[in-house]
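Notes follow once the structure below has been shown.
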2 protein chains.
Amino acid sequence: MAGAGASGPRHTMADVARRAGVSTATVSRALTRPDQVSPKTRELVHEIAEELGFRPNLIGRQLRAQAANSLLILVQDLENPFYAELIKGAEYVARERQFSVVVGGTDGLEDVERLYAEQYLGRRVDGLILLTGHLPAGLSRKMAEQGPVVLVSEDNPELALCAVLVDNVGWAAQAVAHLHALGHRRIAHLCGPMARIISRERREGYRRALSQAGLPADPALEAPGDFSFETGRRATRALLALPDPPTAIFCANDESALGAIRAAQQVGLDVPRDLSVIGFDDTMLAEISDPPLTTIRQPRQQMGAVAAEMVIDMLENGPGQCARRILDCELVERSTVAAPAAKS
Amino acid sequence: MAGAGASGPRHTMADVARRAGVSTATVSRALTRPDQVSPKTRELVHEIAEELGFRPNLIGRQLRAQAANSLLILVQDLENPFYAELIKGAEYVARERQFSVVVGGTDGLEDVERLYAEQYLGRRVDGLILLTGHLPAGLSRKMAEQGPVVLVSEDNPELALCAVLVDNVGWAAQAVAHLHALGHRRIAHLCGPMARIISRERREGYRRALSQAGLPADPALEAPGDFSFETGRRATRALLALPDPPTAIFCANDESALGAIRAAQQVGLDVPRDLSVIGFDDTMLAEISDPPLTTIRQPRQQMGAVAAEMVIDMLENGPGQCARRILDCELVERSTVAAPAAKS
DNA sequence: GCGTAAAATGTAATCGATTGCATACGGGAT
DNA sequence: ATCCCGTATGCAATCGATTACATTTTACGC
């Protein structure tokens with residue numbers, strides 16, 4: 001049985017070297033540069049290493065190599081399923097390239113951000129992927145410029161860092177244009193939290209589409225929200241109670257769109273017959289929704305993957321120029337959008 | 001402005017020492033053991049460190065300390081929202097205790113597991129939290145015994161490792177007993193994937209509750225499933241087409257419970273009037289469900305937190321005895337369970 | 001058998017922070 | 001002035017792997 005090696009105390013290269021009657025240099029080479037060592041010694045070393053269950057201490061290696069081979073992904077909210085797939089994409093690429101991934105959920109707390117910044121400044125991770133839209137507290141712009149940092153999903157024009165984004169304005173406009181093309185004239189927007197740039201961008205797209213369609217901008221149709229189901233439900237209830245209620249709602253994300261659908265159903269309206277709803281993101285929720293949600297799909301996994309690519313490329317080929325990649329979205333038509341009912 | 005320090009090349013302790021005219025030993029002590037150094041030198045060193053923007057290289061520190069101060073959490077499926085909260089709980093505790101967390105999604109792939117095992121064996125992380133129910137490939141039992149490893153959520157009796165669990169059998173039985181108490185006599189079970197221990201445990205609880213209630217075990221009422229919405233929907237459709245269909249279904253998790261609800265609604269049944277449904281986990285989906293799902297709540301965040309506690313305690317106080325913590329669940333009553341309709 | 005180049009191996013420095021031990025300094029008591 | 005002790009500091013080893021450079025061995029041609 002070519003077992004995985006003995007247990008007991010961990011062995012170092014020196015142990016292997018002693019047992020094999022060679023120097024640590026030879027052991028190192030035998031294991032990492034097999035061609036630089038005679039076949040006989042190579043096999044001897046491998047055998048002994050196996051027998052001892054030797055595993056190179058990665059920290060020693062990292063110190064010497066001056067590289068941790070790992071990335072830090074900073075997220076506001078770990079529980080948001082939107083991020084999970086992004087992380088997955090990044091992790092996949094990282095793995096391919098022999099990097100590991102540290103995930104940090106900050107919950108928006110400065111202290112926590114500062115803590116993670118320390119990991120970066122302390123060289124424990126060598127690249128940073130930010131899904132938070134801003135630099136973590138304790139990390140100045142200058143410091144960010146020193147190492148690879150990539151913003152994902154949420155832009156920050158002030159920072160001018162590398163970024164992987166989608167055209168939120170454009171696709172929000174597209175969503176609204178889709179509703180308009182079907183005949184909707186009273187189109188509402190359920191906003192995201194205004195503190196976040198993506199929310200402002202999506203609202204901007206909404207406004208732009210309205211104006212391009214020659215529709216009046218009615219502030220009453222812009223409902224404040226925060227991406228949550230419950231707020232979406234309440235805001236929609238208010239919209240539907242308007243004297244001249246909307247026939248369609250473009251929601252800033254999927255979760256709040258489900259809230260909108262629920263609100264409609266609760267007052268006896270049918271979706272999509274009486275109210276069309278369109279979301280943004282295409283998370284798992286969109287499929288589970290009843291009826292299934294029409295939404296804008298962001299290529300989440302790809303976004304994570306590209307971000308990891310960028311960071312690792314910068315690490316390997318020097319900083320290079322600061323690229324901004326804009327990835328394509330897609331309008332996924334399911335069953336919450338239809339032409340408006342004829343005026344009664 | 002007491003800025004965050006200059007940028008430019010990174011400085012080491014030796015740089016600070018030279019500038020301050022002291023030895024690196026003094027710098028180290030000034031920064032980490034302020035009381036062992038005269039106030040004058042201490043301030044001088046702090047000043048210079050600040051001025052240079054010095055940050056200790058954590059890898060150097062780790063090598064010397066022989067500890068990475070970090071935990072690895074291994075998950076099958078990062079996208080499953082169930083795990084996100086667990087990770088969050090673990091991360092919170094880890095942070096409190098000055099540990100960082102590496103998250104690995106294995107997707108059940110052996111190669112990936114092996115890769116992460118290497119991180120552990122290579123001492124790049126010093127503890128392991130497994131949400132996968134088994135040791136990663138490449139990690140023998142003996143090796144696991146050498147360092148702190150904790151199983152969470154999914155037990156593995158063969159391994160006899162530390163674990164943080166819930167009583168799946170007991171709470172599944174509780175769920176079924178709840179249905180029985182309301183008068184249900186035809187109670188079905190929508191199973192999880194049988195490869196997973198938690199699925200078998202929940203089915204076991206289902207069977208036990210039936211037998212305790214004196215109800216016959218009808219194999220036709222045990223529908224195979226895989227935790228997914230779609231499979232849940234299909235399996236439920238089949239159940240409802242039975243000559244003597246169930247009046248209630250206990251589902252192995254929330255997502256498949258939503259599928260069950262949808263199936264019922266699609267054939268014109270009302271939940272809970274015509275069919276009661278109860279889930280397991282109490283994920284976000286339970287609240288979003290329509291009607292809101294009655295389910296068994298697992299204390300996910302706490303589970304993660306306790307697991308991290310255990311690992312770090314073992315790290316700090318030696319292996320200690322191999323504890324198994326069983327945490328309490330809770331039956332969350334929402335709106336998918338009611339007494340069965342009177343026989344027509 | 002000798003010379004020479006190539007291949008194999010060894011020696012020791014290196015990465016950066018920490019720390020046991022040794023030394024130097026200062027102050028108080030006798 | 002002497003001795004002692006406590007505080008502050010420096011020296012140098014240490015953690016484990018890697019690698020530039022030096023040295024030894026091997027192989028081959030003549």
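All figures in this text were calculated on a predicted structure; none of them were measured in a lab. Just so it is clear: chains get the letters A, B, ... in the order the sequence lines come, proteins before strands, and each one is counted from 1.
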Just the rounded figure in Å: distance from [atom2] of [N] to [atom1] of [X].
| X | N | atom1 | atom2 | value |
| --- | --- | --- | --- | --- |
| A:Arg55 | D:dA17 | CZ | C1' | 16 Å |
| B:Gln36 | D:dT9 | CD | P | 11 Å |
| B:Leu63 | D:dT14 | CG | P | 13 Å |
| A:Gln66 | D:dT19 | CD | C1' | 14 Å |

Within the structure shown, what part of the strands sits under 4.0 Å from [X] by heavy-atom distance: base, sugar-phosphate, or nothing?
| X | value |
| --- | --- |
| B:Arg123 | nothing |
| A:Val22 | sugar-phosphate |
| A:Arg42 | nothing |
| A:Ser23 | base |
| B:Gly122 | nothing |

Going from [atom1] on [X] to [atom2] on [Y], what distance comes out if it is rounded to the nearest 0.5 angstrom?
| X | Y | atom1 | atom2 | value |
| --- | --- | --- | --- | --- |
| A:Asn69 | A:Arg61 | CG | CZ | 9.5 Å |
| B:Leu71 | B:Leu128 | CG | CG | 9.0 Å |
| A:Glu309 | A:Arg97 | CD | CZ | 5.0 Å |
| A:Leu315 | A:Asp126 | CG | CG | 5.0 Å |

Any A:Val103 side-chain heavy atom under 4.5 Å of A:Leu78 side chain: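 Counting from C-beta outward, A:Val103 and A:Leu78 do come under 4.5 Å.
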Heavy-atom side-chain proximity of B:Arg124 to A:Ser70 below 4.5 angstrom: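 Yes, at least one pair of side-chain atoms sits under 4.5 Å.
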First encountered from the 5' end of DNA chain D, between B:Pro39 and A:Ala25: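 The residue closer to the strand's 5' end, by nearest nucleotide, is B:Pro39.
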B:Asp35 vs B:Arg64, nearer the 5' end of DNA chain D by closest nucleotide: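 The residue closer to the strand's 5' end, by nearest nucleotide, is B:Asp35.
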Below 3.5 Å is the cut-off: list the nitrogen or oxygen pairs between protein and nucleotides 21-26 of chain D, distance only.
none

OP1 or OP2 of D:dG10 under 4.0 Å from side-chain N/O of B:Thr26: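 Yes, within the criterion.
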Short side-chain N/O contact to D:dT18 OP1/OP2 from A:Arg61, under 4.0 Å: yes
side-chain contact (heavy atoms from CB on, under 4.5 Å), paired with A:Asp15, selected from A:Arg18, A:Arg19, A:Met13: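 That would be A:Arg18.
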Among B:Leu151, B:Val150, B:Asp155, side-chain contact (heavy atoms from CB on, under 4.5 Å) partner for B:Arg324: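 It is B:Asp155; the other options fail the test.
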First-last contacting nucleotides on DNA chain C - partner chain A, under 4.0 angstrom, heavy atom: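 So the contact region on DNA chain C extends C:dA8 to C:dG16.
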By side chain to side chain donor-acceptor pair (under 3.5 Å) - contacts of A:Thr41 (at least two apart): A:Ser38
